[in-house]
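Proteins get letters first, then strands, A, B, ... in listed order; numbering begins at 1 in each.
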Number of protein chains: 2
Amino acid sequence: MTGRRQEIRERNRLSLIEAVLDSVAEKGISETSVSEIIQRANLSRGMIHLHFGGKDNLVDEAARYSSEQYYNGIYDLLEATGQTGQEHIEMIVRGDLSETILNKKNVSIWYAFRGEARNRAAIAAFSDTRDAKLRNLVFNAFARIAKETGTEHPNQVARDATHGTLAMLEGMWTDYLLHPDSFDRDEAMRIVFRFLRAMFPKHFDLNGAVLSE
Amino acid sequence: MTGRRQEIRERNRLSLIEAVLDSVAEKGISETSVSEIIQRANLSRGMIHLHFGGKDNLVDEAARYSSEQYYNGIYDLLEATGQTGQEHIEMIVRGDLSETILNKKNVSIWYAFRGEARNRAAIAAFSDTRDAKLRNLVFNAFARIAKETGTEHPNQVARDATHGTLAMLEGMWTDYLLHPDSFDRDEAMRIVFRFLRAMFPKHFDLNGAVLSE
DNA sequence: GATTTAAATGGACGATTGTCCATTTTGTGA
DNA sequence: TCACAAAATGGACAATCGTCCATTTAAATC
């Protein structure tokens, strides 16, 4: 009646997924073997086949789970902010570069899966950091900003600003991947906002990152 | 006397490296086995041990070689351009997004190695797309531009512009990785230059990408 | 052309891979 | 408490992994 059985089952299932993510983060994909996974999850060898039908499916599921965690993190932040375009943008940029989201483990996992994306459709589907939903949020925020500036082609400007901003954030992640210890979050933020301020002087004038010079 | 012996030896060595890169591009790192490599190179099993002492060393060397190819491509372009800051920047951006450098094979290889970078120091050393040399080139170009604008802190502005521009290019590469068929080079270029125009209106006004709206 | 020797071959080897199922364990309902 | 069934176990299995070396091939030297 307690459903204890199903509860244990689901806990084990999740243990396997988290074991994969831990292993991928620490050892990389190529060293994430079945033996490695079941050892970390402290479960028996047959569990992978039982729960996922095979190792590949488990890894795909781990990629999906990891991606979901990322988006949940971002969306949670957005609910705690104001409604103006610049507030949204600022929160997304700040969140994307925050310790909670941009940290060694997440970055290791993210890039490990990216490396496999080209050869595994299931992984490619979950390795786009900037999915349609997030893109739309950013676009709508920029569209509001662009319209307020009275520019000639606000949608086109907003589209380009979205694309460029998300690309720049991607690049910052890569910086962090390659130089995690010398990476400076404030600097990254300041740079993104310097570009945004250049495009929308009235909206990002005193906002955003530390404006040190 | 002809050195025919050494010539064959070096050709075989190179065949192994190129076989690794082909395999990594087509099948990914995890499926790039010794058997796969020697089959592509049409050489015998022992050659890897003979030339490189083991598979790992060969893969590291392939990463180094691939990185070298990238930089040579960029530097070649720079020699064929003018000397103003904006000409340099434009050539680097244009080159970085050109078919010669940004194509499916290169991107597959690059991201495959990136995925391993965190766990293999030898690969990490060669997976920084924007090494000190290239960074300096970009920085010097922006420094000249910034000084001409008479801004207050030209070096700081140039540093940020360098960081932001290279980050944005990284992001464009990721776009290409994940959506190679819908990726639009002109659009990517236009966006980069839209940001640069916002920061340096006088220098990128009529330059760079197609200015369609 | 004979000799020397560097280069290349290809299979043997033990270790490790992922899959799968006969068996055991354990929660659930009678 | 017992019988049932779902869940978990752990080892057998063939396949594949990378390494290494005894042997063969062929370029270089005499």
Side-chain angles (χ1 to χ4, degrees), chain A residues 1-24 26-63 112-113 115-116 119-120 122-123, chain B residues 1-24 26-63 112-113 115-116 119-120 122-123:
Chain A
M1 192 83 262
T2 46
R4 175 108 196 279
R5 201 162 195 140
Q6 189 174 345
E7 184 191 322
I8 294 176
R9 183 182 160 85
E10 280 170 10
R11 191 191 339 131
N12 286 338
R13 195 187 128 94
L14 194 59
S15 292
L16 287 172
I17 290 176
E18 280 170 349
V20 169
L21 294 179
D22 286 345
S23 173
V24 166
E26 277 181 42
K27 305 237 185 155
I29 279 213
S30 58
E31 300 216 26
T32 297
S33 62
V34 167
S35 304
E36 180 75 30
I37 295 166
I38 55 115
Q39 197 175 334
R40 283 173 185 268
N42 205 23
L43 290 170
S44 65
R45 206 163 180 71
M47 286 293 260
I48 291 175
H49 180 256
L50 180 70
H51 279 280
F52 299 92
K55 186 199 166 194
D56 281 359
N57 289 341
L58 166 56
V59 172
D60 290 349
E61 185 59 21
F113 284 137
E116 294 282 290
N119 309 104
R120 292 177 62 167
I123 287 183
Chain B
M1 197 80 263
T2 47
R4 175 108 195 279
R5 203 165 194 138
Q6 190 174 344
E7 186 191 319
I8 294 176
R9 183 182 162 86
E10 280 170 9
R11 193 195 334 134
N12 286 337
R13 195 187 127 93
L14 194 60
S15 292
L16 287 171
I17 290 176
E18 280 169 349
V20 169
L21 295 179
D22 286 345
S23 173
V24 166
E26 278 181 42
K27 304 238 188 155
I29 279 210
S30 58
E31 300 215 28
T32 297
S33 63
V34 167
S35 303
E36 180 74 32
I37 296 165
I38 56 116
Q39 196 175 334
R40 282 173 186 269
N42 205 23
L43 290 171
S44 65
R45 206 163 179 69
M47 287 292 261
I48 291 176
H49 180 255
L50 180 70
H51 278 281
F52 299 93
K55 185 200 167 193
D56 282 358
N57 289 340
L58 166 57
V59 171
D60 291 348
E61 185 60 21
F113 283 137
E116 294 282 290
N119 309 105
R120 291 178 63 168
I123 286 182

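With a 4.5 Å cut-off on side-chain heavy atoms, A:D60 and A:F113 do not count as touching.
Residue order along DNA chain D, read from the 5' end via each residue's closest nucleotide, puts B:E36 first among B:E36 and B:Q6.
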Identify all side-chain donor-acceptor contacts of residues 29-40 of chain B below 3.5 Å with residues at least two apart in sequence or on another chain.
{"unit_1": "B:S30", "atom_1": "OG", "unit_2": "A:E116", "atom_2": "OE1", "d": "3.4"}
{"unit_1": "B:T32", "atom_1": "OG1", "unit_2": "B:S23", "atom_2": "OG", "d": "2.8"}
{"unit_1": "B:T32", "atom_1": "OG1", "unit_2": "B:G28", "atom_2": "O", "d": "2.7"}
{"unit_1": "B:S33", "atom_1": "OG", "unit_2": "B:E36", "atom_2": "N", "d": "3.2"}
{"unit_1": "B:S35", "atom_1": "OG", "unit_2": "B:R45", "atom_2": "NH1", "d": "3.3"}
{"unit_1": "B:E36", "atom_1": "OE2", "unit_2": "B:R40", "atom_2": "NE", "d": "2.8"}
{"unit_1": "B:E36", "atom_1": "OE2", "unit_2": "B:R40", "atom_2": "NH2", "d": "3.2"}
{"unit_1": "B:R40", "atom_1": "NH1", "unit_2": "B:E26", "atom_2": "OE2", "d": "3.4"}
{"unit_1": "B:R40", "atom_1": "NH2", "unit_2": "B:E26", "atom_2": "OE1", "d": "3.2"}

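Between B:L43 atom CG and C:dT9 atom C1' the separation is 10 Å, expressed in whole Å. Look at CZ on B:R4: it is 17 Å from P on D:dT25, rounded to the nearest Å. Atom CG of A:N12 is separated from atom C1' of D:dA8 by 8 Å (rounded to the nearest Å). A straight line from CG of B:L16 to P of D:dT19 spans 13 Å, rounded to a whole angstrom. Rounded to an integer number of Å, the gap from CD1 of B:I8 to C1' of D:dA27 is 8 Å. A straight line from NE2 of B:H51 to C1' of C:dT9 spans 12 Å, rounded to a whole angstrom. Computed from coordinates, the A:R9 CZ to D:dT9 C1' distance equals 15 Å when rounded to whole Å. Distance, B:I38 CD1 to C:dG11 C1': 11 Å, rounded to whole Å.
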Protein proximity profile, nucleotides 15-21 of chain C - base contact B, sugar-phosphate-only contact S, no contact -, cut-off 4.0 Å on heavy atoms: --SBBBB
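Out of D:dA6, C:dT5, D:dT9, the shortest distance to the side chain of B:R5 is found at C:dT5.
Taking NE2 of A:H51 as the start and CG of A:L16 as the end, the distance is 6.5 Å to the nearest 0.5 Å.
More than 12 heavy atoms of other residues, nucleotides or ligands lie within 6.0 Å of NZ in B:K55, so this atom counts as buried by the packing criterion.
With sequence neighbours left out, A:N119 forms a side chain to side chain donor-acceptor pair (under 3.5 Å) with no residue at all. In this structure, the side chain to side chain contact (heavy atoms under 4.5 Å, CB included) partners of A:L14, at least two apart in sequence or on a different chain, are A:E18, A:Y65. The side chain to side chain contact (heavy atoms under 4.5 Å, CB included) test applied to A:I8 returns A:R4, A:R11, A:N12, not counting sequence neighbours.
Close to C:dT9, at under 4.0 Å from its OP1 or OP2, lies a side-chain N or O of B:S44.
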